[in-house]
Structures are given as C-alpha cells and as structure tokens.
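Each ligand, and each atom within it, is numbered from 1 in the order the structure gives.
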Amino acid sequence: MTLRDLIECKRDGGEIPAAEWHAFTRALAAGTLADYQVSALLMAIYFRGLTARETTALMDGMLASGRSLDLRHLPVGRVDKHSTGGVGDKVSIALAPIVAACGVAVPMMSGRGLGHTGGTLDKLESIPGFRTRIPLADATRQLERLHCALIGQSAEIAPADRVLYALRDATATVESIPLISASIMSKKMAESLTGLVLDVKTGAGSFMPDLDDAITLAETMIALGARHGVPVVALLTNMDAPLGEACGNANEVAEAIDLLKGRGPADLRELTLRMAAEMLVLGGADATREAGYGRARDAVDSGAALERFRAIVAAQGGDPQVCDDPTALLPQPALRLPFLAESDGVVQRVEPRAIGRGITAMGGGRTTMADVVDPAVGFRITTRPGDTVRTGDTLAIIEARDTECAEAGRAALAGAVVIGPTPVHPRPLISHRITTGGVEQLA
Ligand code: URA
C-alpha cells in the first residue's frame, strides 16, 4: 500500500495490516516519507484511533527501527518507571537510586520538559557537569557496576518515534491514547526490562484529566507490555496540585536529595516509596509490596540510597558533593520573595498548569525543544488544597532571576492559588492500581 492508501484506509475507519505499519516505521526512520502525508495519517489516527493489533504493530515497528539496551546478562531484575508528566514531579531522581540500592537494576530513560510539565533530564542537568547523553555501551557498563543509569533517549533508540513525535507535536496530534502508548512503550521495550511501573497522572495538571481516559491509557500500555512478556503495573496518581514543594529544576533536585536524606514533603516520599515497592516486586527482590516498601524505606534511612545517588552523579560527570551541600553546588536564584495570602479562607486550588506555565514564563521551562532552560528559577509552594489560611500567611516562595522574572512568577501564583470559603476534600495521592488482572480502586 502507498502512504496515500494508508491515509485513505484510516480516514475511512479501516484497519491497516501489521506489515504496512512495519514498512511505514522503516520509511519514517529512513526519512523517505513526505511530512504532509505523515501528518494527514496522524490526524486520521487522532480521529479514528487504532485497533489493539495496529497499536502493537506501530510500537513493534518503532522499536525495531532502532537498537536496544541489552541488559539480559545482569544477574538482577531490570525495572524502569515512566510518569505521564506533571508539575513538581521529581520522583525519578530519588526513586532510581533507592531501587538500585535495593538490588534491582534501573535503566531510567527520561525525557525533557515540554508544555507545562517539567522533565527529569532538565532537572538532572542542573547538577554541574552531569551528563544525560550517554552512549548505550557506556550506560550498559554503568548499569553493570551501579545497577542504575539516568539517561535520555539516545538517537539509537526508536528513531521512528523521534520523527513521529516531532510531527505529532507540530500537528496537535499528541493527545491520542494509541499514539502516546505506542510511543512510550517503543522506548521502554528497548530496555530489555523484566518489569515496568507507570505513574499515570490524573487531574487538572495532567495530560489525561479525565479518569476514564487515564485508565484506558494505562490499560493500553499494560497490554503492549504483555505482548512482549513484560509485566506492567500502573498507579493512577493525583495531579490536581504540584507534587512536593519545589517546582522548577535545581530546586527539585535539592528536594529529591532531601528525600534521600529521609526528609522532604510527605506526598513525595509516600509516592516514591510506593513506586519503589512495586518495582522491587517486579524486579524479584521482594515477594510483596509491603516487604518492598520496607526495604525501600530502609535504603533511605540507612543512607544506602543517597550513597548510590552520589555514585551515579560521579559516574555521569557530575559533582557528587551536590549531595552534601546542594545550596553551594546547584544554581541559585538571585531573588527569593514570599507570596502571601490576600484573604482568609480555605485553599481551593493550587492549579498545576498555571504553576508550570509560570515556570516557563520565568525561563525555567520550554515551549519548543530549542529553548534553553534557566535551572535556578521556580517556586517553593508550601500550601496545599484544603489548607486553612489567614491573610498575610506565606503560601509560596518565588525564586527568580530578577524583578521582571519575579513579577511573572507572582502573576502565575495569583492565578494558580485560589482561596475560598468552602471546605475542600483533595483526591487521594494514589487512587487506582491497574494490572493485567484489572483495575483496583485504592481509596
Ligand atoms: N512521552 C512520549 O515519549 N511519547 C508520547 O507520546 C507522550 C509522552
């Protein structure tokens, strides 16, 4: 079939055969397709969707378009985690060394921030010298030695996805459950995993605000993992408010280090330990999630997880002293200004999208992949939906480069933090757990 035939088939609601998806992804990686035709196909997929067979074939084709990180020789389980993206989400930075310190390998392949959400790679690169672009051979050696590497998607992994993602971004077709699922899983299945944990965000600040959509996304990715024999567990987590207090880049690394020292905000610690528990079970280190949770908590309390993070930072070119004195080593804002409550009442909302867009307006995020991120700017948001506050209480600290930047931050907070008269009942941190066995409501 020609690409025109594929567009016509999908436009009319037909099913494209697997062999055609494989030919399509090979041609995508080779750069031989016309952008306007691929774009038309993407829009047809956006409206018509893909069958389960088509989603699998697209994922398999994108996976086969590149190389894999072959870790099957490691004597331990290999488990990664993926978050669908949120604000203040620095879980990966602490989670990977915790799980590695507990004896399960974590080939953590992360992304950059785009839109209102932050990216783990941008955050890690605020550590002086830290490299996230690592050839697969070097990442493999590091995984053999430390059981963990914190890297970006290299050009070698799923190149067809890279081409397709850029076109999806340019044609407003990112928000398609089969396209998102095939894209994410084509990269995860290149890591020779024995398990994968998904943090699927729901709520106002997520890409899937609707609960049913979030569940469908999780189920689609779980089914794709099962096709490759990789068990996938998804936790549905609340993104109605930022996670933890720090929102930005360098300040999020500092908060993750705090967590590794046994401190830090309770929601961040709880989500990190719950994800670690799932990973330790999937990696074969523990028989139950309760045992995994205990092992992960002990790795934090004993300092083993912090020591592992220190070794990872050093291996990837960063200054390990960042663990001892984050303030001296991480980029700091020129200004720290309080943001105060202007009325008495109950905090109704701390709107993550407005916070994320505020960080971008201050220079700490991206609107295009070419933008350069200022790692020092952002917020420390100490208030939560449901808090009772009084006029003059400090709700957040604005961390800014200069007064103009601080004004942008203040305007964002003024729109994001809403105080009102009514009591608020925030959604639970983790609402559902989804596996091939079904959807379990946790709270
Ligand atoms: N992350 C990806 O890698 N792909 C998507 O489609 C969305 C998020």
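Between S183 and ligand 1, at least one N/O pair is under 3.5 Å apart.
Annotation for ligand 1: atoms under 4.0 Å from non-hydrogen atoms of R168 are 5 (C), 6 (O). Interface of Y165 with ligand 1, defined as ligand atoms under 4.0 Å from a residue heavy atom, comprises 4 (N), 5 (C), 6 (O), 7 (C). Annotation for ligand 1: atoms under 4.0 Å from non-hydrogen atoms of I184 are 1 (N), 2 (C), 3 (O), 4 (N).
Residue S83 is tested with T117, T237, D89 for a side chain to side chain donor-acceptor pair (under 3.5 Å); the sole match is D89.
In this structure, V174 has no heavy atom closer than 4.0 Å to ligand 1. Ligand 1 lies less than 4.0 angstrom from a heavy atom belonging to K187.
Annotation for L179 and T173: closest pair CD1-O, 3.6 Å, computed over non-hydrogen atoms. Across all their heavy atoms, L69 and A139 have their closest contact at CD1-CB, 4.4 Å. Nearest approach of V87 to H116, heavy atoms of both residues: CG2-O, 3.5 Å.
Although no hydrogens or angles enter the test, the distance criterion places a donor-acceptor pair under 3.5 Å between the side chain of N238 and the main chain of R427.
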